[in-house]
Protein chains: 2
Amino acid sequence: MLTSVDPDVIRVLGDPLRLQIVTLLARETLCTTHLVEETGAKQTNLSNHMKVLREAGIVETEPCGRFTYYKLKPEVLTGLSEQFAALAASARTAAENKRACP
Amino acid sequence: MLTSVDPDVIRVLGDPLRLQIVTLLARETLCTTHLVEETGAKQTNLSNHMKVLREAGIVETEPCGRFTYYKLKPEVLTGLSEQFAALAASARTAAENKRACP
DNA sequence: CTCTCACATCATCACCCGCTGATACCAGCG
DNA sequence: CGCTGGTATCAGCGGGTGATGATGTGAGAG
């Protein structure tokens with residue numbers, strides 16, 4: 001299908017807290033404790049969101065002793081970027097493709 | 001802040017129906033009747049989503065007699081693409097920036 | 001071994017949000 | 001003018017989802 005963005009990833013990123021998490025993880029690899037400090041959310045809430053992000057394939061987990069580190073999968077973000085770029089390119093030429101009034 | 005994606009736009013695009021609308025509008029400029037045919041949703045439902053998309057600055061309206069045409073604003077999609085690209089670039093170098101266990 | 005800490009899972013609740021039906025509005029056409 | 005068709009707005013309902021508390025698990029420290 002032409003220039004269709006994956007709805008699941010977008011929906012997952014649509015949550016403000018999850019987007020904040022992704023933004024934080026784009027800067028450095030962090031574990032749950034750090035994320036609790038940075039976001040101010042409860043640990044159990046964070047764990048829920050991390051599960052969602054994990055199942056969406058946006059982050060990877062890396063156990064380190066008692067801690068669990070999370071890091072982003074850059075290829076997902078790259079894919080999103082390309083899909084939006086394709087949409088934008090298509091949209092630029094779509095202005096003239098005006099379907100006739102029925 | 002560094003490489004922060006606009007949460008509002010993402011949240012708006014997080015809805016599957018709205019994402020479908022955006023995908024359709026990326027191909028051609030359409031009016032509400034066309035969107036009703038394409039998506040199968042009710043007219044009032046579509047109108048609600050179009051209002052959301054309009055207020056988020058993602059689409060523009062262009063009245064044409066009794067019809068209302070919607071077209072995408074490509075710069076919004078371009079901005080998204082760039083922001084995700086920046087996030088991805090940052091994420092690629094973030095793997096080594098591992099904050100120490102507390 | 002036991003205790004503590006980091007993290008995950010489960011169950012529950014409340015609230016937001018998308019869907020729907022009714023209705024109002026506006027533009028063309030007779 | 002009134003009538004018809006296209007579109008927007010409004011009120012209300014119901015389900016999905018994010019937040020919270022209690023609890024389970026597993027790894028290290030003592």
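Sequence lines set the chain letters: A, B, ... in the order given, protein chains first and strands last, and positions in each chain run from 1. Heavy atoms only: backbone and side chains are in, while hydrogens, waters and symmetry mates are out.
- Rounded to whole Å, atom P of C/dT9 lies 20 Å from atom NZ of A/Lys42.
- The shortest distance between the side-chain N/O atoms of B/His49 and the OP1/OP2 oxygens of C/dC17 is not below 4.0 Å.
- A straight line from CG of B/Leu46 to P of D/dA8 spans 10 Å, rounded to a whole angstrom.
- Rounded to whole Å, the distance from CD on A/Glu62 to P on D/dA27 is 16 Å.
- Contact between B/Tyr70 and B/Leu35 at its shortest, heavy atoms only, is CD1-CD1, 4.4 Å.
- Ring-plane geometry between A/His34 and A/Tyr69 is classed as tilted, the angle between the planes lying from 30 to 60 degrees on a 0 to 90 degree scale.
- Between B/Ile21 and B/His49 the shortest heavy-atom distance is CD1-CB, 4.1 Å.
- Under 3.5 Å, the side chain of A/Gln43 and the base of C/dA8 form at least one donor-acceptor pair of N or O atoms.
- Counting only heavy atoms from C-beta on, B/Arg11 has its side chain closest to C/dC17 among D/dG18, C/dC17, D/dT7.
- Between A/Asp15 atom CG and D/dG16 atom P there is a gap of 18 Å when expressed in whole angstrom units.
- Straight-line distance from the CG atom of B/Asn48 to the P atom of C/dG21: 13 Å, rounded to whole Å.
- Residue-to-nucleotide proximity on DNA chain D shows that, of A/Val52 and A/Gly65, the 5′-proximal contact is made by A/Val52.
- Of the candidate nucleotides C/dC7, D/dG6, D/dA8, C/dC7 has the atom nearest to the side chain of A/Thr68.
- Heavy-atom minimum distance, B/Arg18 versus B/Val12: NE-O, 2.6 Å.
- Rounded to an integer number of Å, the gap from CE of A/Met50 to P of D/dA19 is 14 Å.
- Side-chain nitrogen and oxygen atoms of B/Tyr70 include at least one within less than 4.0 Å of the OP1 or OP2 phosphate oxygen of D/dA8.
- Contacts of B/Thr44 with the nucleic acid, taken as non-hydrogen atoms under 4.0 Å apart, include base atoms.
- What separates NZ of A/Lys51 from P of C/dA11 is a distance of 12 Å, to the nearest Å.
- The distance between atom CZ of A/Arg66 and atom C1' of C/dA6, rounded to the nearest whole Å, is 7 Å.
- The side chain of A/Ser47 lies closest to C/dA8, out of D/dA19, C/dA8, D/dT9.
- Of all heavy-atom pairs between A/Leu30 and B/Arg99, the closest is CD2-NE, 3.6 Å.
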